[in-house]
**Q** 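Here it is: the structure, laid out below.
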Amino acid sequence: MPDVGKALKNIIQSFVDKEPKSPLHVGEVMSCWSYLSELADEQVHSEAGINSTTDPELRQAFHEAVEMFKSQKERMIAFMLSEGVPIPPLSESKPQSNPNDVPLGVKLMDDELANSLNIKMVILITYCANAIIQSTRNDICHSILVHKHKHF
């Protein structure tokens with residue numbers, strides 16, 4: 001039977017261990033790159049969603065998503081740069097525009113926009129989870145990739 005006390009001690013010690021960190025391995029770097037790229041893309045898609053709907057609740061959900069994506073993107077960029085990892089090319093933010101100016105043949109309906117936001121959240125959670133399970137360093141899992149997200 002495993003010793004629970006010893007296991008807990010080892011886990012706690014892994015967080016306070018003063019040994020130098022090993023460099024990121026290629027899987028960790030690729031996971032961070034993929035997650036960061038997806039965050040930037042989803043931010044831009046959400047900004048386009050704001051520009052496409054007049055529904056106040058949906059606009060608020062998109063605004064909250066944009067802020068969350070920006071915050072996590074900034075954390076990932078800071079982490080990657082501190083580790084000496086170059087940043088991938090990222091999508092640029094969309095300027096604000098009037099949703100009523102979007103032609104009907106181009107404009108997505110509110111239910112399509114809401115569904116796309118849900119799908120984006122699932123995609124990002126998947127990218128984040130993949131990065132966590134591929135990581136061997138605790139600081140990646142706990143200080144960078146694990147982020148409390150407001151549920152939509």
Side-chain angles (χ1 to χ4, degrees), residues 11-12 14-18 20-152:
I11 291 170
I12 292 170
S14 73
F15 292 116
V16 295
D17 198 357
K18 299 296 180 194
K21 294 184 248 176
S22 60
L24 297 176
H25 63 67
V26 70
E28 290 167 330
V29 171
M30 190 64 208
S31 293
C32 288
W33 257 61
S34 298
Y35 183 49
L36 178 58
S37 296
E38 191 64 28
L39 279 168
D41 285 347
E42 301 309 349
Q43 177 188 329
V44 170
H45 287 121
S46 293
E47 290 167 344
I50 292 169
N51 291 338
S52 299
T53 185
T54 56
D55 180 89
E57 287 182 44
L58 190 52
R59 287 180 63 83
Q60 181 62 33
F62 276 119
H63 279 291
E64 290 174 9
V66 166
E67 290 308 310
M68 180 181 56
F69 299 150
K70 280 183 184 178
S71 171
Q72 190 66 1
K73 186 174 76 171
E74 289 168 7
R75 289 174 55 166
M76 286 301 300
I77 288 171
F79 172 74
M80 291 171 68
L81 291 176
S82 75
E83 294 292 328
V85 177
I87 304 303
L90 301 174
S91 302
E92 294 186 26
S93 289
K94 296 282 186 202
Q96 290 187 347
S97 64
N98 184 346
N100 295 319
D101 292 342
V102 179
L104 291 179
V106 175
K107 188 175 187 171
L108 295 173
M109 304 308 293
D110 286 347
D111 60 337
E112 294 169 318
L113 291 168
N115 287 337
S116 72
L117 182 57
N118 286 332
I119 291 168
K120 290 172 191 150
M121 296 303 293
V122 169
I123 290 169
L124 281 169
I125 290 168
T126 303
Y127 272 83
C128 187
N130 283 333
I132 289 171
I133 63 173
Q134 293 173 3
S135 175
T136 59
R137 283 181 36 184
N138 288 332
D139 64 324
I140 296 171
C141 296
H142 297 284
S143 66
I144 303 301
L145 299 175
V146 177
H147 185 68
K148 294 180 181 177
H149 299 297
K150 184 173 181 176
H151 297 288
F152 292 98

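Just so you know, these numbers use all the heavy atoms, side chains as well, and skip hydrogens, waters and symmetry mates.
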**Q** Hey, what do you get for OG (Ser71) to CG (Leu39), rounding to the nearest 0.5 Å?
**A**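 Ser71 OG to Leu39 CG: 9.5 Å, rounded to 0.5 Å.
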
**Q** Rounded to the nearest 0.5 Å, how far apart are CD of Glu42 and CZ of Phe69?
**A**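 It comes to 6.0 Å.
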
**Q** Which atoms form the tightest heavy-atom contact between Pro99 and Ile50, and what is the distance?
**A**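 Where Pro99 meets Ile50 most closely, the heavy atoms are CG-O, 3.8 Å.
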
**Q** Can you list everything that forms a side-chain hydrogen bond (donor to acceptor under 3.5 Å, both in side chains) with Thr136? Sequence neighbours excluded, please.
**A**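 Testing Thr136 for side-chain hydrogen bond (donor to acceptor under 3.5 Å, both in side chains), a comparison that skips the adjacent residues, returns Glu28.
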
**Q** Where is the tightest heavy-atom contact between Ser91 and Val44, given as atom of each residue plus distance?
**A**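 Taking Ser91 first and Val44 second, the nearest heavy atoms are CB-CG2, 3.5 Å.
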
**Q** State the OH-OG1 distance between Tyr35 and Thr126, to the nearest 0.5 angstrom.
**A**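 OG1 of Thr126 is found 11.0 Å from OH of Tyr35.
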
**Q** To the nearest 0.5 Å, what is the distance between OG on Ser46 and CD on Glu67?
**A**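 Atom-to-atom, Ser46:OG and Glu67:CD are 11.0 Å apart.
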
**Q** Applying side-chain hydrogen bond (donor to acceptor under 3.5 Å, both in side chains), can you list everything that pairs with Asn115, at least two apart in sequence or on another chain?
**A**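 Here no residue qualifies.
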
**Q** For residues 47-57, which residue pairs pass the side-chain hydrogen bond (donor to acceptor under 3.5 Å, both in side chains) check, not counting sequence neighbours?
**A**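 Only Gln43-Glu47, Glu47-Ser93, Thr53-Asp110 qualify under side-chain hydrogen bond (donor to acceptor under 3.5 Å, both in side chains).
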
**Q** Looking at OG of Ser116 and CG of Asp111, how far apart are the two atoms once the value is rounded to the nearest 0.5 Å?
**A**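 Here the rounded value is 10.0 Å.
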
**Q** Which residues pass the side-chain contact (heavy atoms from CB on, under 4.5 Å) test with Asn98, sequence neighbours left out?
**A**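 side-chain contact (heavy atoms from CB on, under 4.5 Å) check on Asn98 returns Asn100, Asp101.
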
**Q** Pair His25, Val29 - check side chain to side chain contact (heavy atoms under 4.5 Å, CB included), show working.
**A** CA-CA 6 Å; His25 63 67; Val29 171; over 6 Å; no

**Q** Do Arg75 and Gln72 have side chains that approach each other closer than 4.5 Å (heavy atoms only, starting at C-beta)?
**A**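 A side-chain contact under 4.5 Å exists here.
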
**Q** Measure the spacing between CD1 of Ile87 and CG of Leu36 and express it to the nearest 0.5 Å.
**A**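 Ile87 atom CD1 to Leu36 atom CG measures 5.5 Å (nearest 0.5 Å).
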
**Q** If every non-hydrogen atom of Phe62 is compared with every non-hydrogen atom of Leu113, which pair is closest and at what distance?
**A**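 Result for this residue pair: CZ-O, 3.6 Å.
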
**Q** Please tabulate, for the side chains in residues 77-86, all donor-acceptor contacts under 3.5 angstrom to protein atoms that are two or more places apart in sequence or on a different chain.
**A**
| unit_1 | atom_1 | unit_2 | atom_2 | d |
| --- | --- | --- | --- | --- |
| Ser82 | OG | Ala78 | O | 3.4 |
| Ser82 | OG | Phe79 | O | 2.7 |
| Glu83 | OE1 | Arg137 | NH1 | 3.1 |
| Glu83 | OE2 | Arg137 | NH2 | 2.9 |

**Q** Within a reach of under 6.0 Å around NZ of Lys94, are more than 12 heavy atoms found that belong to other residues, nucleotides or ligands?
**A**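 Atom NZ in Lys94 is not packed in, count stays at 12 or less.
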
**Q** With Gln134, which residues qualify under side-chain hydrogen bond (donor to acceptor under 3.5 Å, both in side chains), at least two apart?
**A**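 Testing Gln134 for side-chain hydrogen bond (donor to acceptor under 3.5 Å, both in side chains), a comparison that skips the adjacent residues, returns Ser31.
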
**Q** Using side-chain heavy atoms (C-beta onward) and a distance below 4.5 Å, is Cys128 in contact with Asn130?
**A**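 Counting from C-beta outward, Cys128 and Asn130 never come under 4.5 Å.
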
**Q** Excluding sequence neighbours, so at least two apart, what forms side-chain contact (heavy atoms from CB on, under 4.5 Å) with Glu74?
**A**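 Scan of Glu74 (side-chain contact (heavy atoms from CB on, under 4.5 Å), adjacent residues dropped) gives none.
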
**Q** List in chain and number order the residues that pass side-chain contact (heavy atoms from CB on, under 4.5 Å) with Met30, two or more places apart in sequence or in another chain; answer none if no residue qualifies.
**A**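 Expected list: Ser34.
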
**Q** Quick one: side-chain contact (heavy atoms from CB on, under 4.5 Å) partners of Ala48, sequence neighbours excluded?
**A**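 Testing Ala48 for side-chain contact (heavy atoms from CB on, under 4.5 Å), a comparison that skips the adjacent residues, returns none.
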
